[in-house]
Amino acid sequence: MTITTVDYSKEPAITSQFVTSAEIDRAIEAPLNRFPSLRWWIALSISISLLLAGLVSVAFIQLKGLGVAGFNQPVEWAFDITNFVFWVGIGHAGTLISAILFLMRQRWRNAIARFAEAMTIFAVICAGMFVSIFHLGRVWLAGYLLPYPNQHGLWINFISPLVWDVFAVSTYFTVSFIFWYLGLIPDFATLRDRATNKYKKIAYSVLSLGWRFSNRHWTHYERLYLILAGFATPLVLSVHTIVSFDFAVSVLPGWHSTIFPPYFVAGAVFSGFAMVQNVLIIVRKMFKLDHIITTKHLENMNKIILLTGCMVAYAYVMELFIGWYSGSQLERFVFINRALGPYALAYWMMVACNVLLIQMFWLKKVRNSIPIMFAIGVLVNIGMWLERYVIIVTSLSRDFLPSSWGLFSPTIYDLGILSFGFGLFFTLVLIFVRFLPTVAMAELKSVLDNAQPTGH
Amino acid sequence: MTLKPLYSITALFDTPDAIIHAAEEIVKAGYTKFDVHTPYPVHGMDLAMNLKSSKIGFFTFAFGMMGVLSAIILISWITISDYPLVVGGKPFWSWPAFVPVAFEITVLLASVLSTAAMIVLYFKFPNISHPLHDTAYMKKVSSDSFGICIQAADPIFIQTEVMQLLKNLGGSSITSVYLDPEEIDHGQKLFDIRFLGVLSVIALMVSVATYFTLNRLMYVQPFDWMMVQKKMKAQQHTILFQDGIGMRTPVEGTAARGFLPYPYSGKPEEAARYLVNPILPTKENLNQGKAKFLTLCSPCHGNFADGDSRLRGQFPNPPTLHSDKVHQWPDGRIFHIITEGQNSMPAYAQNISVQDRWIIIEYIRVLERARNATESDLK
């Protein structure tokens, strides 16, 4: 028997050994200077094809009306809102990593924060497209979502959760973008000083605003970063809470429930982490960043997936329990109908993906095995997409009066809507990894071994 | 090269411990205009440089208060006075529902404005023509070295002494940084003609864009085939019908809504015989009758039915209704006249409903009786 001793006097290393500041610069800058590989072009052409296919079907829906996508009474919310909630949820992992883990001094998050924040921004762009543009049916009236003084003397209704949504999503996007850009400024400055190409140098100079790494600047910079993290934390909770209010404030059985806000936030972080984990696995492989984004990071993310997955499972059980305990016949019927009704297949797939499958993450071997965790991540996202679909469609299709029941079935245009979201998201991600540093270089350097003074 | 004025002396250090030590020594030596450049924030450097803690939080607090107050005032004004909406029978000022929007606006203003304040007020950014830019020194500190830069503007700056001090502290690559002519004076001048020019161009662009967005773009309909369709309107020419008239006459014998056919047309005596006033002379009915009479009848017949028209001869005056002839007519006879008209009086069937005609007749009876009141009426 061998006894291994662990040195607890030192925090564990963030990256693998022998990673220096210079090595970080080299590894992060390398993909920005190479001509893109064939694999990148293939990936980009696939995602742009998805985007264009989605655009065609979205344009057709605008031209002919939402009815061609199967939206009708009683199911007027289906794929659009499902995708909206799904994408907002994906975004939440980024803010959790960049803000909440920052406040909790989780140093390992520095290696993946930039990427996760970028994904937040792209996911919120996708979500905003769905809810503020496509779902309106008449895109050119989107301006009326904002309160502006007009000659009709009209104002928006501030007591409506749908108006709260507009404020929440637009604020979330703006604050995430500022947070992200603030982190990028020192990295742009590093790239500016490494650039050999004249045009790149000009671009990075402008983007870095003239950053000089001065400690007189760092002191304000760090304080503001802390403040923004403090803002982003309640903000991220408020955004998905407000999204859940779209449902919870209505009186429909299955929606009218106080568990929705925490349930939605946990679900959002759950699916978001699965998405970040998936895309990071591809990126670290593609750009040879294995030594900077290590399996340790992925394992930590898997732990968070397991934790939030268990919260989601708790919410499922609690919904069923309260459905029974409320004594309301309608509530009981909704949950029986969910599990055994026309959408039972979606429900059980959701339970399998979100509750049963992730229990494999209790095993350390699974948490460290890249192919298995990748597969689980994909299935978690499928499961979480189905969760929103099940919540929206089952409640709408079976409300109070049996005379107003009606089923929804997706048409080919709904698949177009789905493909639009994924196409837009992955196109933005692929462009991001080519043109901007995928890892926060300055932040990562600050947590390397020997990066901080020892005080001797 | 020698003509250029000196900006600063710079030195590089390899480890965070060395730079902290160097910063402490430079503060001890009494230099104030110096700066430390590190690729990432080094903990303890603020203390070593004797920097005060950042005041940016006060900006954030002020902007946040601005956000929360402006949101609450705006929403309250809209929901209470400018555009009150009844939602679910709740009071207009139902403040719990304002919390989400007020929170979002607070976070938005506090984050955006304090970031802008930091970048513009503290950093004086954007500024990409600083003397340190594009030096070998900057290239090292942006990667993995730690640098100290002592400015020539420091009151106790003596070039040789500073170089010696940095060497003693263990600094390497000690170099002098010179100012380029265009970098010498670049305080941000608010009234610089170029700056104002750029500003006015931006203002113009924003105004034009806003004007077009609010006044044009928002009224453009990409397609209007739901709203504008081929259709025939009542007053228009049409090729669909032989007579070329869009409006059709109803089928013979069509009864309009609310208008029953009048069976005694041209038969005043029969109307007088068979029609009975269904209205009782209650106070409510008579008040209503008075209002109708004053509105519809009095312009010609006068306020007391004396036939004293207010029309001043523009229309022939009708005879008084207080004659014996009218007095003896049954209600049905008067009903017939209102319905069909008589002499110069047009038919009022289109304008006065059946019910109102009877109510008015009740009121005319009251007027007649008032003129010829008996002793018993006064009791």
Side-chain angles (χ1 to χ4, degrees), chain A residues 20-22 25 63 139-141 143 147-148 153-155 157-160 163-164 167-168 171 174-175 178 182 186 189-190 192-194 205-206 209-224 227-228 231 234-235 238 242 245 442-443 445-446 450-456, chain B residues 15-17 20 35-46 49 51 54 56-57 60 75 78-79 82-83 85 87 90 94 97-98 100-101 103-105 107-108 110-112 114-115 118-119 122-123 125-128 130 132-133 138-139 141-144 213-214 217-218 220-223:
Chain A
T20 60
S21 293
D25 287 350
L63 198 67
V139 190
W140 59 98
L141 300 180
Y148 81 98
L154 291 170
W155 288 100
N157 173 16
F158 283 98
I159 308 179
S160 161
V163 163
W164 304 346
F167 281 88
T171 301
T174 315
V175 173
I178 286 177
L182 204 61
T190 301
R192 168 198 71 198
D193 290 341
R194 290 177 64 89
S205 294
V206 170
L209 303 175
W211 181 255
R212 297 192 294 275
F213 298 93
S214 155
N215 193 62
R216 292 176 196 274
H217 291 173
W218 278 124
T219 172
H220 299 301
Y221 178 96
E222 274 201 296
R223 176 61 60 88
L224 186 69
I227 291 171
L228 286 187
F231 270 133
L235 182 64
S238 84
I242 288 172
F245 281 167
E443 278 182 31
K445 285 174 193 171
S446 74
N450 307 321
Q452 295 298 346
T454 52
H456 302 306
Chain B
T15 64
D17 283 325
I20 291 264
D35 207 346
V36 173
H37 297 96
T38 52
Y40 50 85
V42 173
H43 296 169
M45 183 55 83
D46 295 350
M49 279 175 74
L51 291 182
S54 172
I56 190 81
T60 313
I75 300 174
I78 288 173
T79 52
D82 198 48
Y83 194 63
L85 271 182
V87 180
K90 303 285 190 302
S94 36
F98 305 159
V101 174
F103 173 76
E104 302 298 335
I105 292 179
V107 169
L108 184 69
S111 324
V112 172
S114 45
T115 307
M118 179 182 80
I119 287 174
Y122 281 108
F123 296 176
F125 282 173
N127 167 18
I128 50 175
H130 193 271
L132 284 177
H133 283 150
M138 183 50 55
K139 285 188 175 148
V141 296
S142 75
S143 176
D144 59 353
T213 309
L214 293 183
L217 204 63
M218 285 185 67
V220 168
Q221 301 200 335
F223 45 87

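These numbers come from a predicted model, not from an experiment. Each chain gets a letter, A, B and so on, in the order its sequence line appears, and its residues count up from 1. Computation of the quantities below employed the complete heavy-atom set of this structure, encompassing side-chain atoms and omitting hydrogens, waters and symmetry-equivalent molecules.
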Less than 4.5 Å to any heavy atom of chain B: does that hold for the side chain of [X], its backbone, both, or neither?
X	answer
E222(A)	side chain
P147(A)	neither
L182(A)	side chain

Heavy-atom side-chain contact between [X] and [Y] under 4.5 Å:
X	Y	result
L235(A)	F103(B)	yes
F98(B)	I159(A)	yes
Y122(B)	Y221(A)	no
S111(B)	T174(A)	no
K139(B)	R192(A)	no
I227(A)	I56(B)	yes
V141(B)	R212(A)	no

(message) Under a plain distance cut-off of 3.5 Å, with no hydrogens placed, do H37(B) and S214(A) share a side-chain donor-acceptor pair?
(response) no
(message) I want to know whether W218(A) and Y40(B) have ring centres closer than 6.0 Å.
(response) no
If we ignore hydrogens and angles and just use 3.5 Å, is the side chain of [X] paired with the main-chain N or O of [Y] as donor and acceptor?
X	Y	value
T190(A)	S142(B)	yes
N215(A)	T38(B)	no
E104(B)	T171(A)	no
H133(B)	G210(A)	yes

In terms of heavy-atom pairs under 4.5 Å with chain A, which of [options] leads?
options	answer
T15(B), V107(B), I20(B)	V107(B)
V101(B), I78(B), L85(B)	I78(B)
T79(B), V87(B), L51(B)	L51(B)
D46(B), D144(B), T213(B)	D46(B)
I75(B), I105(B), L214(B)	I75(B)

For the residue pair [X] and [Y], what are the closest heavy atoms and their distance?
X	Y	value
A22(A)	S143(B)	CA-OG, 4.2 Å
N450(A)	P16(B)	O-CG, 3.6 Å
F123(B)	W211(A)	CE1-CZ3, 3.5 Å
H43(B)	P453(A)	O-CG, 3.3 Å

(request) Select, from R194(A), R223(A), R216(A), K445(A), the one with the greatest count of heavy-atom pairs under 4.5 Å involving chain B. (result) R216(A)
(request) Please look at S114(B) and chain A and tell me whether the side chain, the backbone, both or neither of the residue comes under 4.5 angstrom of a heavy atom of that chain. (result) both
(message) At a 4.5 Å cut-off on heavy atoms, which part of M118(B) comes close to chain A: side chain, backbone, both, or neither?
(response) side chain
(message) Distance check, rounded to the nearest 0.5 Å: M138(B) atom CE versus D193(A) atom CG?
(response) 6.5 Å
